[in-house]
Amino acid sequence: MKQEADHHLEVLLTRDQIQARVTQLAEEITRDYSGAGELVLVAVLRGSVYFAVDLSRRLNLPFILDFIGISSYAGASPSRGIVRITKDLESNIVHKNVLLLEDIVDTGLTLNYLIQNLKTRNPSSLRVCAFLDMPARRIVNIPVDYYGFSLPDLYVVGYGLDYHERYRNLEVVAALKDPK
Ligand code: PRP
């Protein structure tokens, strides 16, 4: 792929594969939540924004789109899973169905924290929809109710995922062969 001269990117998921799978996920979610009451989609900033836009456009349901910002680790060891909310929800989620949208579940530490935090606000349901699942890297076992693709342990970029803030805007998902 020619996007950047100094990294070798190997395409793992094409634009068409991604778009077809996101459409399937949206159909599944539409079926599952039809008539189920108010739905709040919570996109976790920042990587999930691309996925959240594509998925939400295809839902045939009323929903509120909201965002939560987190800062990973706050200087602590990554394995501790200490995350801090940097931007909270605008919505009150009490007695609402909440669907958390993530670009990737890697160790699971981020979602583990978010799930514990959001549960204290008494939503009527709380589920997770992740574009990518990387089960080989999991440290905390968290439920991923919907996922787009499962990938092996690789450094991946594109469709929201970055390498030092680059490559988020790729319409494909690619493995970065030589992170440096
Ligand atoms: C990434 C991703 C998830 C988290 C997953 O966010 O968007 O939020 O890491 O990793 P985990 O399962 O190991 O906790 P990142 O901190 O890179 O922020 P970004 O979305 O702003 O790039």
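Model, not experiment: these values are computed from the prediction. Both ligands and their constituent atoms are indexed starting at 1 by order of listing.
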Counting only heavy atoms closer than 4.0 Å, does ligand 1 sit against the backbone of R137, its side chain, both, or neither? neither
Nearest candidate to atom 10 (O) of ligand 1, where distance is taken over non-hydrogen atoms, out of V105, D106, L109: D106
Could you see which bit of R168 sits under 4.0 Å from ligand 1, with heavy atoms only: side chain, backbone, both or neither? side chain
CG of D103 to CZ of F131, rounded to nearest 0.5 Å, is 9.0 Å
Pairs under 3.5 angstrom only: tabulate donor-acceptor contacts from the side chains of residues 49-57 to other protein residues two or more places apart or in another chain.
{"unit_1": "D54", "atom_1": "OD1", "unit_2": "R57", "atom_2": "NH2", "d": "3.4"}
{"unit_1": "D54", "atom_1": "OD2", "unit_2": "Q19", "atom_2": "NE2", "d": "3.1"}
{"unit_1": "D54", "atom_1": "OD2", "unit_2": "Y159", "atom_2": "OH", "d": "2.7"}
{"unit_1": "S56", "atom_1": "OG", "unit_2": "A52", "atom_2": "O", "d": "2.6"}
{"unit_1": "S56", "atom_1": "OG", "unit_2": "V53", "atom_2": "O", "d": "3.3"}

Can you confirm, on distance only, whether ligand 1 has an N/O atom lying under 3.5 Å from any N/O atom belonging to G108? yes
Return the CD1 to CG distance between I139 and N112, rounded to the nearest 0.5 Å. 10.5 Å
Under the side-chain hydrogen bond (donor to acceptor under 3.5 Å, both in side chains) rule, what pairs show up with a residue in residues 32-47, not counting sequence neighbours? D32-Y146, R46-E165
To the nearest 0.5 Å, atom CG of L118 lies from atom CD1 of I85 at 7.0 Å
Mind checking whether I104 contacts ligand 1 via backbone (N, CA, C, O), side chain (CB onward), both or neither, at a 4.0 Å heavy-atom cut-off? both
Counting heavy atoms only, which of L161, T107, I142, V44 is nearest atom 13 (O) of ligand 1? T107
Between D88 and R121, does at least one N-O distance fall below 4.0 Å, as a salt bridge requires? yes
Atoms of ligand 1 close to E102 [distance to a heavy atom under 4.0 angstrom, numbered from 1]: 2 (C), 3 (C), 7 (O), 8 (O)
Ligand 1 to D162, heavy atom cutoff 4.0 Å, flagged ligand atoms 22 (O)
Side chains of L45 and T86: does their closest heavy-atom pair fall under 4.5 Å? no
Contact partition for D103 relative to ligand 1, non-hydrogen atoms under 4.0 Å: side chain
Ligand 1 to S48 polar contact by distance, N or O atoms, under 3.5 Å: no
